[in-house]
Amino acid sequence: MFATYLIGLREGLEATLVVSILVAFLVKSNRRGRLPQVWLGVGAAVALSVLFGWLIEYTSTTLLDTSDERELFDAVTSVAAVIFVTWMIFWMRKAARSIAGELRGKLSEALAVGAFAVAGMAFLAVVREGLETALIFYSAAQSAAGGASRGPLLALLGGILTAVVIGFLLYRSALKLNLSRFFTWTGALLILVAAGIFKYGVHDFQEAGVLPGLNNHAFDISSVLDPNTWYAALLSGMFNITATPSVLEVIAWVAYAVPVLLLFLRKPAAPARPAAPPAGTPPAGTDTPVTAPQRA
């Protein structure tokens with residue numbers, strides 16, 4: 001359940017920070033009258049995300065007739081979740097420094113258009129996080145418990161609630177948090193969670209008969225990693241580490257986790273310094289007068 005709690009915390013904090021930036025911009029620019037449109041957009045994004053999550057669950061449990069179809073559906077959603085979580089982690093690391101300015105700029109443009117545009121902008125800013133959360137949660141819950149327990153859902157809600165509290169305290173400046181370090185550590189943990197989801201997806205492809213080798217086990221460490229122990233359940237629930245994985249499952253886990261983790265933890269290259277201008281050249285920008293930014 002820790003994996004789904006981590007998903008809720010990470011995705012919830014990203015969405016909370018987005019909302020905080022929008023609200024703070026409106027408050028500081030004396031446009032509190034536009035706050036209802038922002039909350040309307042946020043509410044619509046949350047509703048669509050819940051509907052999307054329900055639709056995934058309904059498709060798996062009701063619309064699909066055979067176990068092979070369900071296994072194949074779970075495998076496809078697992079691979080899609082891995083793609084989304086990988087993109088989200090690297091995108092957040094790249095865009096973290098500029099996201100506030102970009103959101104303020106888009107909100108300024110929406111304010112100039114009207115109330116509907118403000119609600120739409122808030123909706124688009126939050127709905128991506130919500131849809132990602134629904135997809136990743138479904139795959140993580142299937143990987144951890146096969147969808148047979150409400151524990152993963154409660155853990156997800158707990159993570160989202162924690163994120164909302166942290167976001168509110170940050171907004172009120174009552175909490176100091178190194179967001180760069182937070183997203184680095186949670187990103188690394190999510191990569192390991194995604195590796196387990198990918199391994200589970202490969203297992204489902206084998207169950208559905210798409211991939212071979214279901215009973216070709218890479219090793220058997222059940223004497224050391226007893227499935228009935230708490231630590232085995234913890235490793236299985238967090239990273240889908242099991243005692244008797246197939247060869248393809250192990251290959252999938254390692255092939256994803258090792259290179260992606262190394263790329264993520266690698267320090268970005270320092271930006272190149274601009275070449276010095278020739279002697280006698282005036283500094284850049286001296287020919288163009290600087291104007292004050294227009295209020296939105």
Side-chain angles (χ1 to χ4, degrees), residues 1-10 56-57 60-61 66-86 89 135-156 158-159 185-262 264-265:
M1 290 190 294
F2 177 77
T4 52
Y5 175 84
L6 179 63
I7 292 168
L9 177 63
R10 166 82 185 214
I56 295 176
E57 180 68 20
S60 177
T61 58
T66 66
S67 60
D68 285 347
E69 289 178 345
R70 287 189 288 270
E71 297 289 351
L72 185 58
F73 178 80
D74 289 345
V76 172
T77 54
S78 295
V79 173
V82 170
I83 293 173
F84 274 111
V85 73
T86 306
I89 290 171
L135 180 60
I136 298 168
F137 163 72
Y138 174 80
S139 299
Q142 293 295 318
S143 174
S149 172
R150 292 186 178 181
L153 177 59
L154 296 177
L156 177 78
W185 280 103
T186 56
L189 287 174
L190 276 181
I191 288 173
L192 296 180
V193 171
I197 294 175
F198 188 45
K199 172 178 174 286
Y200 179 79
V202 170
H203 177 81
D204 275 343
F205 275 125
Q206 292 178 313
E207 289 275 4
V210 176
L211 292 176
L214 176 62
N215 297 317
N216 186 15
H217 296 152
F219 48 79
D220 185 350
I221 56 172
S222 53
S223 59
V224 177
L225 192 65
D226 185 354
N228 297 318
T229 59
W230 66 268
Y231 54 86
L234 180 65
L235 289 175
S236 176
M238 287 179 60
F239 310 124
N240 199 21
I241 296 177
T242 54
T244 57
S246 69
V247 173
L248 282 181
E249 288 180 71
V250 173
I251 292 175
W253 199 97
V254 175
Y256 173 85
V258 174
V260 174
L261 197 59
L262 290 177
F264 178 74
L265 296 177

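The first residue in the sequence is number 1, and the count goes up from there.
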For a side-chain contact (heavy atoms from CB on, under 4.5 Å) check, start with the C-alpha distance between Val193 and Phe239, then their side-chain angles and the critical distance, and finish with the verdict. CA-CA 5 Å; Val193 171; Phe239 310 124; 4.3 Å; yes
Minimum side-chain heavy-atom gap [X]-[Y] below 4.5 Å:
X      : Y      : value
Tyr5   : Leu156 : no
Phe198 : Asn240 : no
His203 : Leu214 : yes

side-chain contact (heavy atoms from CB on, under 4.5 Å) involving [X] - partner list, sequence neighbours excluded:
X      : result
Val254 : Val250, Val258
Thr186 : Leu6, Arg10, Phe182, Phe183
Thr66  : Asp68, Glu69

According to side-chain hydrogen bond (donor to acceptor under 3.5 Å, both in side chains), who are the partners of Gln206, at least two apart in sequence or on a separate chain?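 Only Ser246 meet the side-chain hydrogen bond (donor to acceptor under 3.5 Å, both in side chains) criterion with Gln206.
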With sequence neighbours excluded, what pairs up with Thr229 under the side-chain hydrogen bond (donor to acceptor under 3.5 Å, both in side chains) test?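 Not a single residue meets the side-chain hydrogen bond (donor to acceptor under 3.5 Å, both in side chains) criterion with Thr229.
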Salt bridge (Lys or Arg N to Asp or Glu O under 4.0 Å): which pairs involve residues 205-226, sequence neighbours left out?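 For residues 205-226: none.
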Quick test of your reading: applying salt bridge (Lys or Arg N to Asp or Glu O under 4.0 Å), list the pairs with at least one residue in residues 230-258, sequence neighbours left out, ordered by first then second residue.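 Listed once each, the pairs are Lys199-Glu249.
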Quick check: does any side chain N or O of Thr61 sit under 3.5 Å from a backbone N or O of Glu57, one acting as donor and the other as acceptor?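 It does hold such a pair.
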Where the side chain of Trp253 meets the backbone of Ile241, is there a donor-acceptor pair that is under 3.5 Å apart?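 Answer holds: no.
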Specify the closest pair of heavy atoms between [X] and [Y], including all atoms of both residues, with the distance to one decimal.
X      : Y      : value
Ile136 : Ile197 : O-CD1, 4.3 Å
Ala188 : Phe264 : N-CE2, 3.6 Å
Leu192 : Ala257 : CD2-CB, 4.4 Å
Ile7   : Ala140 : CD1-CB, 3.6 Å

Approximate separation, where rounding is to 0.5 Å, of Trp185 CH2 and Leu190 CG: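 So the gap between those two atoms works out to 14.0 Å.
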Quick one: which residue pairs count as a side chain to side chain donor-acceptor pair (under 3.5 Å) with a foot in residues 209-218, not counting sequence neighbours?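 Counting only pairs at least two positions apart or across chains, no side chain to side chain donor-acceptor pair (under 3.5 Å) contact touches residues 209-218.
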Side-chain donor-acceptor pairs of residues 75-86 under 3.5 Å, sequence neighbours excluded:
unit_1: Thr77; atom_1: OG1; unit_2: Phe73; atom_2: O; d: 3.1
unit_1: Thr77; atom_1: OG1; unit_2: Asp74; atom_2: O; d: 2.9
unit_1: Ser78; atom_1: OG; unit_2: Asp74; atom_2: O; d: 2.8
unit_1: Thr86; atom_1: OG1; unit_2: Val82; atom_2: O; d: 2.7
unit_1: Thr86; atom_1: OG1; unit_2: Tyr256; atom_2: OH; d: 2.5

